[in-house]
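Inspection log for the structure reproduced underneath, given as structure tokens.
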Amino acid sequence: MQYLRIKKKKQFSKLLKGGKRAHSELLTIIYLPDNEKKMAVCVGKKYGKSVVRNRIKRLLREAYRANAERLSPTAMLLIPKVAEEYSFAAFSREIARLFRKEKLLEDPTAEGISPKCKAAEKDGV
RNA sequence: CGAGCGGGCUGCGCGGCCGCGGCGCAUUUUUGCGACGAGGAAAGUCCGGGCAUCGCAGGGCAGGACGCCUGAUAACGUCAGGUGAAGGCGACUUUAAGGAAAGUGCAACAGAAAUAGACCGCCGCUCACGCGGCAAGGGUGGAAAGGCGAGGUAAGAGCUCACCGACGGGACGGUAACGCCCCGUGCCAUGUAAACCCCGUCCGAUGCAAGGUUGGGCUGUGCUCCUAUGGGUUGCCCGCCCGAGUACAGCCGCGAAUACCGCUUGAGCUUGCCGGUGACGGUAAGCCUAGAUAAAUGACCGCGCUCGACAGAACCCGGCUUAUAGGUCCGCCUCGAAGU
RNA sequence: GCGGGAAUAGCUCAGUGGUAGAGCGUCACCUUGCCAAGGUGAAUGUCGCGGGUUCGAGUCUCGUUUCCCGCU
């Protein structure tokens with residue numbers, strides 16, 4: 001599953017200015033239609049030490065990757081909320097829910113999620 | 001068997017599958033394959049270096065750091081071995097440990113008195129008031145003119161003597177710190193130098209966001225400060241150097257907190273041998289072991305167990321300090337109890 | 001990443017090594033028919049935390065925690 005990383009300051013300010021926002025209990029996404037799939041993760045110092053911050057970034061990137069299969073070309077910024085614990089299953093479930101809610105999937109008739117997420121949902125974490 | 005002391009090692013493992021980072025080789029333009037990919041503290045940024053730029057190839061003042069001795073080292077505030085002191089029955093541990101006889105400051109309260117004296121007291125003279133002698137005892141304090149015993153005395157006092165301590169001199173051992181012995185001096189005088197300070201040793205400043213290359217070139221119009229009351233150079237002084245900053249318009253290549261270099265082969269790691277009590281040094285062979293830049297290690301499944309702590313490289317090394325679930329090993333180590 | 005600084009009463013700040021203070025706020029009383037203003041009095045600190053030096057640390061010193069600022 002290919003996607004690009006957002007790196008330039010210009011792209012960030014464009015996204016923050018004109019992007020649409022969607023919230024859930026665990027995270028906020030800011031997105032804007034683009035010609036390619038782009039994403040970035042935003043984890044500042046308030047989340048904890050470097051080990052904790054790295055952990056959050058990895059979990060978010062992996063959760064995005066697992067759900068980005070049928071995503072329409074969109075630039076997206078993922079911002080988690082401060083919590084005691086962070087888990088992949090919860091992030092993945094929330095991202096999938098937000099994508100459906102905001103109708104960002106290319107084929108809206110197919111309600112299917114990746115088998116990985118189904119397993120995660122079964123665990124009910 | 002119990003309680004300790006000192007020192008070291010390790011920091012979940014195996015397999016499958018999807019994914020990430022740079023590298024190499026193919027493929028030729030985005031894919032495939034391959035090996036590699038965080039730590040003992042990567043942390044705090046407390047010291048010391050390398051490297052780079054600036055200054056100078058000059059000096060002085062100020063400031064800072066360190067401080068028993070010898071050694072190790074590129075260097076250190078680090079390390080090793082030793083000395084003294086303090087603590088512990090002991091194995092052992094801790095130690096910013098020069099100078100108070102260069103000078104200055106401070107020592108609240110209490111206490112008679114804080115570097116200087118006599119409150120209670122003791123003794124002599126006197127009917128008494130009082131005068132004189134004394135510093136043993138009491139009391140205050142962190143500290144009150146070495147300690148303790150004997151002689152001595154009116155009472156006392158190193159006044160005298162023995163022992164211990166202090167100071168001075170000498171011999172011996174040791175590279176030295178120092179140790180030990182002998183002789184002498186009755187002992188002119190508290191503590192604090194992590195108070196100023198003195199003595200000795202060392203230190204130019206700034207830090208990879210250092211710094212370099214590209215980032216256009218040319219032309220025109222200007223503006224600001226200025227040949228010394230300015231600017232730069234280290235906090236200051238002497239000395240030294242002299243131009244600097246910026247706006248607008250035009251043409252071809254259009255990302256600029258960017259791209260590339262610095263950027264990982266180095267006081268490197270492993271093993272053996274040699275020298276040294278040791279830190280460490282020498283030598284031979286082998287090895288290449290992260291290099292990102294909105295910043296790489298994650299998700300899922302299966303198995304095992306003690307159910308996995310502290311924690312993530314950002315120019316690189318040597319230390320220090322702080323955090324750390326546990327597991328495990330070593331020592332003709334120490335103490336206690338019981339038995340032989 | 002690199003370099004600086006701060007922490008004292010509820011708040012804003014003082015504080016030579018010797019009993020921790022000021023202003024505002026709080027509480028009680030006086031004044032008033034009542035409130036405000038005014039007056040009188042009182043309470044309030046592990047001096048961020050843990051060692052060390054000292055007879056004695058808010059102060060000196062070492063470590064540590066949290067916060068703030070500067071450098072592109």
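These values consider heavy atoms only, across backbone and side chains, with no hydrogens, waters or symmetry-generated copies. Naming: A, B, ... by sequence-line order, numbering from 1 per chain.
Two residues are said to be in side-chain contact when any heavy atoms from C-beta on lie closer than 4.5 Å; A:Ile95 and A:Leu27 meet this criterion. In this structure the side chain of A:Leu60 never reaches within 4.5 angstrom of the side chain of A:Tyr86, judged on heavy atoms. Contact check for A:Phe88 versus A:Glu62: side-chain heavy atoms found under the 4.5 Å cut-off. Side-chain contact between A:Met39 and A:Arg61 is present, with at least one heavy-atom pair separated by less than 4.5 Å. Within the 4.5 Å cutoff, the side chain of A:Arg55 has no heavy atoms near those of the A:Val51 side chain. Residues A:Arg21 and A:Ile30 form a side-chain contact, since some pair of their non-hydrogen atoms from C-beta on lies under 4.5 Å apart.
Because its glycosidic torsion is more than 90° from 0, B:U221 is reported here as anti. A syn base is found at B:U264: its glycosidic angle is within 90° of 0. In B:A116 the O4'-C1'-N dihedral to the base is within 90° of 0, which defines a syn nucleotide.
Here B:C187 sits opposite B:G165 as a Watson-Crick or G-U wobble pair (both hydrogen-bonding atom distances under 3.5 Å). Pair check for B:G124 finds B:C131; Watson-Crick or G-U wobble, both atom distances under 3.5 Å. Pair check for B:A177 finds none; no Watson-Crick or G-U wobble contact set falls under 3.5 Å. Judged by Watson-Crick or G-U wobble contacts below 3.5 Å, the nucleotide B:C159 has B:G151 as its partner. In this structure, B:U53 and B:A205 make a Watson-Crick or G-U wobble pair, each of the two defining distances being under 3.5 angstrom. Pair check for C:G3 finds C:C69; Watson-Crick or G-U wobble, both atom distances under 3.5 Å. Pair assignment for B:C310 gives B:G39, based on Watson-Crick or G-U wobble hydrogen-bonding distances that are each under 3.5 Å. Of the nucleotides present, B:C18 is the one that pairs with B:G298 by Watson-Crick or G-U wobble criteria, both distances under 3.5 Å.
A gap of 10 Å separates the P atoms of B:C36 and B:U289, to the nearest Å. Between the C1' atoms of B:A337 and B:G77, the separation comes to 49 Å (whole Å). Atom name P, nucleotides B:C9 and B:G318: the rounded distance is 16 Å, in whole Å. Here the separation of C:C60 from C:G25, taken at their P atoms, is 34 Å to the nearest Å. Separating the C1' atom of B:G326 from that of B:G275 is a span of 42 Å, rounded to the nearest Å. Only the P atoms considered, C:C24 is 28 Å distant from C:G18, to the nearest whole Å. Separating the C1' atom of B:G98 from that of B:U201 is a span of 12 Å, rounded to the nearest Å. Taking atom P on both nucleotides, B:C119 is separated from B:G132 by 13 Å, rounded to a whole Å.
One can place OH of A:Tyr64 at 13 Å from P of B:C20, the figure rounded to the nearest angstrom. Rounded to an integer number of Å, the gap from CG of A:Asn67 to P of B:G298 is 20 Å. To the nearest angstrom, P of B:C300 lies 13 Å from CZ of A:Phe91. Going from atom CG of A:Leu60 over to atom C1' of B:C20 covers 15 Å, rounded to whole Å.
In terms of position on RNA chain B, the residue among A:Ala40 and A:Val52 whose nearest nucleotide sits closer to the 5' end is A:Ala40. Where A:Arg55 and A:Cys42 each meet RNA chain B at their nearest nucleotide, the meeting point lying more 5' is that of A:Cys42.
A 6.0 Å sphere centred on NZ of A:Lys20 holds no more than 12 heavy atoms belonging to other residues, nucleotides or ligands.
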Please write out the pairs of protein N or O atoms and N or O atoms of nucleotides 323-325 of chain B separated by less than 3.5 Å, giving the distance to one decimal.
none

Could you list all N or O pairs between the protein and nucleotides 295-297 of chain B that sit under 3.5 Å apart?
from, atom 1, to, atom 2, distance (Å)
B:A295, OP1, A:Arg5, NE, 3.2
B:A295, OP1, A:Arg5, NH1, 3.3
B:A295, OP1, A:Arg5, NH2, 2.5
B:A295, OP2, A:Arg5, NH2, 2.0
B:A295, OP2, A:Arg61, NH1, 3.2
B:A296, OP1, A:Arg61, NH2, 3.3
B:U297, OP2, A:Arg58, NE, 3.0
B:U297, OP2, A:Arg58, NH2, 3.3

Dump every N/O contact between nucleotides 307-311 of chain B and the protein below 3.5 Å, one line per pair.
from, atom 1, to, atom 2, distance (Å)
B:A311, OP1, A:Lys49, NZ, 2.8

A:Thr28 vs A:His23, test: side-chain contact (heavy atoms from CB on, under 4.5 Å). Steps then yes/no. CA-CA 4 Å; A:Thr28 299; A:His23 306 273; 3.2 Å; yes
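Side-chain atoms of A:Tyr47 come within 3.5 Å of backbone N or O of A:Pro80 as a donor-acceptor pair. Under the 3.5 Å distance criterion, the side-chain polar atoms of A:Ser72 are matched with a main-chain donor or acceptor of A:Leu104.
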